Undergrad: 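My questions will all concern the structure given below.
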There are 2 protein chains.
Amino acid sequence: MDPHLLRTFVCVVRTRSFSDAAVRLGYTQSAVSQQIAALESDLGVSLLRRRPVAPTEAGRRLLEHAEPLLLRLDAARADVLRAARPSHRPAVLAVSPLALTPRLAGLLDGAGAIHTAGRDGVVAEVAAGRADLGVVDGLAAPSDPLDLPDVGPLATVRIAEQDLVVALPDGHPLAGRAGLRLGDLADALWLDAPGIAGLAHVRAVARVDGLRPGMVYHGCDVRTLLTLAAAGRGLVVLPASAELPRGLTGVPLTGPRLVHRIELVHAHLPPGPARDLAAALTRPGPG
Amino acid sequence: MDPHLLRTFVCVVRTRSFSDAAVRLGYTQSAVSQQIAALESDLGVSLLRRRPVAPTEAGRRLLEHAEPLLLRLDAARADVLRAARPSHRPAVLAVSPLALTPRLAGLLDGAGAIHTAGRDGVVAEVAAGRADLGVVDGLAAPSDPLDLPDVGPLATVRIAEQDLVVALPDGHPLAGRAGLRLGDLADALWLDAPGIAGLAHVRAVARVDGLRPGMVYHGCDVRTLLTLAAAGRGLVVLPASAELPRGLTGVPLTGPRLVHRIELVHAHLPPGPARDLAAALTRPGPG
DNA sequence: TCTGGTTACGTTCCACGTAAACATG
DNA sequence: CATGTTTACGTGGAACGTAACCAGA
């Protein structure tokens with residue numbers, strides 16, 4: 001099970017084509033065919049059905065493993081290189097959409113570049129060394145850590161915690177309330193935004209079932225999400241400090257006891273700009 | 001970064017010798033030397049210092065990644081094979097020492113073999129397919145899942161939860177108390193038994209610092225551990241139902257709110273004895 | 001000097017590309 | 001029939017073993 005073969009397997013499944021995978025990976029059709037054949041004969045199992053190309057049951061199992069495996073492989077390489085050749089260039093940051101508060105933005109002196117990704121994406125980028133530091137946000141019980149995907153030996157440090165609000169469009173029957181419990185909203189329509197404030201995440205952390213998913217927003221832009229929410233497309237949970245556009249009111253979430261938590265994620269950092277920035281970001285501050 | 005090379009790298013570090021690693025892996029000295037050289041030149045980094053053989057900083061980083069990586073690789077192969085060729089032989093169980101209660105033992109009709117390992121070991125065996133089902137125990141907040149190492153897509157299901165006691169040797173000043181808080185025992189001497197009731201685990205779950213480690217017991221035999229405890233070698237946290245030998249009294253742990261939790265761990269199971277046994281074990285029961 | 005890792009070199013085998021054969025919609 | 005995967009075959013390179021070399025305790 002050479003990672004090389006896993007890589008092409010993943011690519012073939014993604015593109016649903018041997019030939020397309022071949023051009024992407026810089027091989028010939030034939031080579032890809034042989035690589036898949038090698039994998040199948042190594043495992044003694046058929047992984048793909050051809051024409052149309054689709055994974056078998058065994059192939060699906062392999063696929064589940066292959067991506068994290070390749071990610072960890074990148075993570076290993078990145079960690080080794082970082083340890084051997086400390087970088088003295090400005091740090092690269094990856095942040096999840098609701099993670100960068102104004103206070104944090106004011107501390108980014110050692111940062112050279114910054115970009116946004118979903119929560120798991122940020123962790124993956126840090127692990128693979130494409131970012132030096134990650135700032136991720138999510139829901140958790142007070143003083144509980146976020147449960148992030150395990151992609152290797154990463155340090156996670158609390159940066160901040162704050163209360164939550166439910167963003168309700170003006171005119172919503174509950175918009176006048178002083179506080180809300182999630183249970184009150186089980187039957188309401190929710191906006192599902194994986195990567196910003198995924199419903200699955202809310203359910204898992206709050207141990208509440210039956211938040212009805214309305215529309216799904218695939219993307220990382222909070223403004224777009226809030227515009228949808230203001231137009232009555234569904235409810236969203238946000239940190240209390242979030243600035244809401246006109247048309248939305250934030251009602252404090254009083255139960256279950258949850259907070260919006262921001263954490264810094266990084267690998268073992270040798271001395272340098274990245275480590276300095278990490279230290280600055282985790283110095284205690286308000287919020 | 002061929003897994004093959006990672007494997008020999010790990011072996012070389014473990015044995016602290018190229019030649020010993022070579023015989024273990026069935027290579028010549030020379031081949032091992034070349035493999036390590038290949039790894040180092042691929043990464044562009046020195047991984048080992050020779051004579052004596054010891055990992056460099058970069059090598060240590062790689063080592064941290066290599067073992068979980070190889071484990072996941074085994075897990076992937078196991079999952080694929082399981083999906084392709086469902087087994088109809090009796091299930092193989094791996095259990096952590098305090099996980100097998102009498103009630104569970106009574107349900108093991110579909111089981112063909114059973115063996116003990118530390119908590120992480122059980123998870124690893126299940127992931128790698130050396131066991132079909134794992135029964136693991138640990139401390140957790142009530143109705144919280146155990147935090148097990150992430151070695152792939154494994155299902156974990158609650159089997160049981162019960163209260164905790166601190167096992168105190170007769171004559172211990174606190175042995176007469178009706179209940180104890182962990183804070184009362186911060187200064188006491190504790191027995192550290194990684195794999196049964198690791199102190200690190202207690203600290204992490206309870207968020208308590210400063211449980212002083214006395215003696216460390218490396219092993220999986222509860223009786224041995226309790227014999228040490230009875231002899232005053234240190235304190236241990238146990239599930240309330242544990243039968244204590246003479247000389248030990250169990251005092252209920254009243255705070256922080258923690259329970260002894262037992263979970264079933266398994267990979268995606270095709271129909272067969274293993275799946276049936278899993279169903280039987282997770283049918284609700286007392287305790 | 002002896003133990004143990006490295007380097008040189010020859011052989012084998014594996015992986016890829018080219019091109020022809022083949023299957024399927 | 002056309003598109004796209006497999007198979008056949010030849011070549012280059014990678015990986016290993018043997019054996020000579022070299023460095024450190």
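The analysis underlying the following values was restricted to heavy atoms, covering all of them including side chains, and did not include hydrogens, waters or symmetry mates. What you see is a predicted model, and the numbers here were worked out from it, not measured in a lab. Here is how names work: the chains are called A, B, and so on, in the same order as the sequence lines, proteins then strands, and each is numbered from 1.
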Undergrad: Considering only side-chain heavy atoms of Ser30(B), which listed nucleotide, dC16(D), dT7(C), dT6(C), is closest?
TA: dT7(C)
Undergrad: Around atom CZ of Arg203(B), are there more than 12 heavy atoms from other residues, nucleotides or ligands closer than 6.0 Å?
TA: yes
Undergrad: Quick check: Phe9(A) with His4(A) (ring centres under 6.0 Å apart)?
TA: no
Undergrad: Going through the distances and angles, do Glu125(B) and His115(B) end up as a side chain to side chain donor-acceptor pair (under 3.5 Å)?
TA: CA-CA 10 Å; Glu125(B) 302 217 342; His115(B) 60 273; 2.3 Å; yes
Undergrad: Could you tell me how far apart Ile36(B) (CD1) and dT7(C) (P) are, to the nearest whole angstrom?
TA: 13 Å
Undergrad: Is the shortest side-chain N/O distance from Ser19(B) to OP1 or OP2 of dG5(C) below 4.0 Å?
TA: yes
Undergrad: Give a yes/no on whether any side-chain N or O of Ser33(B) is located under 4.0 angstrom from OP1 or OP2 of dT6(C).
TA: yes
Undergrad: Rounded to whole Å, please give me the gap between CG in Leu25(A) and C1' in dG17(C).
TA: 16 Å
Undergrad: Tell me whether the side-chain N/O atoms of Gln29(B) come closer than 4.0 Å to OP1 or OP2 in dG5(C).
TA: yes
Undergrad: Examine dA14(D): is either OP1 or OP2 under 4.0 Å from a nitrogen or oxygen in the side chain of His4(A)? Give yes or no.
TA: no
Undergrad: In this structure, how many angstroms lie between the P atom of dA14(D) and the CG atom of Asp42(B), rounded?
TA: 12 Å
Undergrad: Between CD1 of Ile36(B) and CZ of Phe18(B), what distance do you get to the nearest 0.5 Å?
TA: 5.5 Å
Undergrad: Whole Å only: how far is the CG atom of Leu47(A) from the P atom of dT6(D)?
TA: 12 Å
Undergrad: Is there a donor on the side chain of Arg50(B) or the base of dG5(C) sitting less than 3.5 Å from an acceptor on the other?
TA: no
Undergrad: Check this for me: does any side-chain nitrogen of one of Arg49(B) and Glu57(B) sit under 4.0 Å from a carboxylate oxygen of the other?
TA: no
Undergrad: Can you measure Leu5(A) atom CG to dC14(C) atom C1' for me and round it to whole angstrom units?
TA: 12 Å
Undergrad: Rounding to a whole Å, what distance do you find between Arg51(B):CZ and dC22(D):P?
TA: 15 Å
Undergrad: May I have the distance from Tyr27(A) (atom OH) to dC14(C) (atom P), rounded to whole angstrom?
TA: 17 Å
Undergrad: Identify whether any heavy atom of Gln34(A) sits under 4.0 Å from a base atom; if not, whether one sits that close to sugar-phosphate; answer base, sugar-phosphate or nothing.
TA: base
Undergrad: Which whole-number value in Å describes the distance from Arg7(A) CZ to dC16(C) P?
TA: 14 Å
